[in-house]
Amino acid sequence: MGIKKTLRRMSKRPETRTLLELYVGIIVSCIIMLGVGLIFLRPMWMYLVGIIGGGLGAAFQLYNMYDTIDRALSVDEGKARGYMTAKSMFRLIISAVIMVVAYFIGVATFVGSILGLFSLKISALINPLIKKVLPDFR
């Protein structure tokens, strides 16, 4: 499936459009943090590995949150609360594993992974800007 076809499909529904905007925000914020961090942190390749790992972790967390909310809305309240709590703990464990692995690789990787994981938060903050800039692919 081509990129343009995928973007067109994701732009059709409002919830997947928001998901697309947040993914674009993660990519943009990781690129900005990568550019700034490559000036200050050495060795560069370790920082690059950290940003990529953290960015992929943030993208996984975003999809996991989307899927969790989608599934929780289709079950009763008691099961949904437990399901949401379990998935939230799962995301925290994944973040911790990414940070521990990055710490053992090196300090620059650890810093990069934290910033990459934090890119999800930055993506949510810059979402109004991304919403204006990102074209409609319908």
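Reckoned from all heavy atoms, side chains included, excluding hydrogens, waters and symmetry mates.
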Got a sec, which hydrophobics cluster with V36, joining ILVMFWY side chains under 4.5 Å apart, including via others?
I39, F40

Taking all heavy atoms of P128 and all of A124, pick out the closest pair and write down the distance.
CD-O, 4.2 Å

CA sep, side-chain torsions, deciding dist, call: I26, L22, side chain to side chain contact (heavy atoms under 4.5 Å, CB included)
CA-CA 6 Å; I26 288 171; L22 289 171; 5.5 Å; no

If Ile, Leu, Val, Met, Phe, Trp and Tyr residues are connected whenever their side-chain heavy atoms lie under 4.5 Å apart, and connections chain through other members, are L20 and I126 in the same group?
yes

Report whether L73 and Y83 are members of the same hydrophobic cluster (ILVMFWY, side-chain heavy atoms less than 4.5 Å apart, transitive linking).
no

Measure across S119 and M33 and return the closest heavy-atom pair with its distance rounded to 0.1 Å.
CB-CE, 3.6 Å

Value for CG (L48) from CD1 (I51), rounded to nearest 0.5 Å, stands at 8.5 Å

Rounded distance [0.5 Å steps], CE in M65 versus CG in L19
10.0 Å

How far apart are the closest heavy atoms of E21 and S123, and which atoms are they?
O-OG, 4.3 Å

If you round to the nearest 0.5 Å, how far is OG of S88 from CD of Q61?
9.5 Å

Are any of the side-chain heavy atoms of I98 and I94 separated by less than 4.5 Å?
yes

Verify the cluster assignment for V24 and I27: are they in a single hydrophobic cluster under the rule of side-chain heavy atoms below 4.5 Å apart?
no

Is there side-chain contact between L56 and F60, with heavy atoms separated by less than 4.5 Å?
no

Taken in chain and number order and not counting sequence neighbours, the residues that satisfy salt bridge (charged side-chain N to carboxylate O under 4.0 Å, His left out) with R71 are D67

Closest heavy-atom contact between G112 and Y47?
CA-CE1, 3.6 Å

Show which residues join V75 in its hydrophobic cluster (side-chain heavy-atom contacts under 4.5 Å, direct or indirect), or state none.
none

Other residues, nucleotides, ligands: >12 heavy atoms within 6.0 Å of Y66 OH:
yes

Do W45 and V49 pass the side chain to side chain contact (heavy atoms under 4.5 Å, CB included) test, and can you show the C-alpha distance, the side-chain angles, and the key distance before you say yes or no?
CA-CA 6 Å; W45 70 271; V49 168; 4.1 Å; yes

Connected via hydrophobic side-chain network under 4.5 Å: F118 and V111:
yes

Heavy-atom side-chain proximity of I105 to F110 below 4.5 angstrom
no

Heavy-atom closest pair, residues M84 and A72:
SD-CB, 3.6 Å

CG on L34 to CD1 on I52, rounded to 0.5 Å
7.5 Å

Y63 OH: over 12 foreign heavy atoms closer than 6.0 Å
no

Can you confirm whether N127 sits close enough to T18 that some side-chain heavy atom of one is under 4.5 Å from a side-chain heavy atom of the other?
yes

List the atom of G116, the atom of A58, and the distance in Å for their closest heavy-atom pair.
O-CB, 3.5 Å

Do L129 and I32 belong together in a cluster built from hydrophobic side chains that touch within less than 4.5 Å?
no

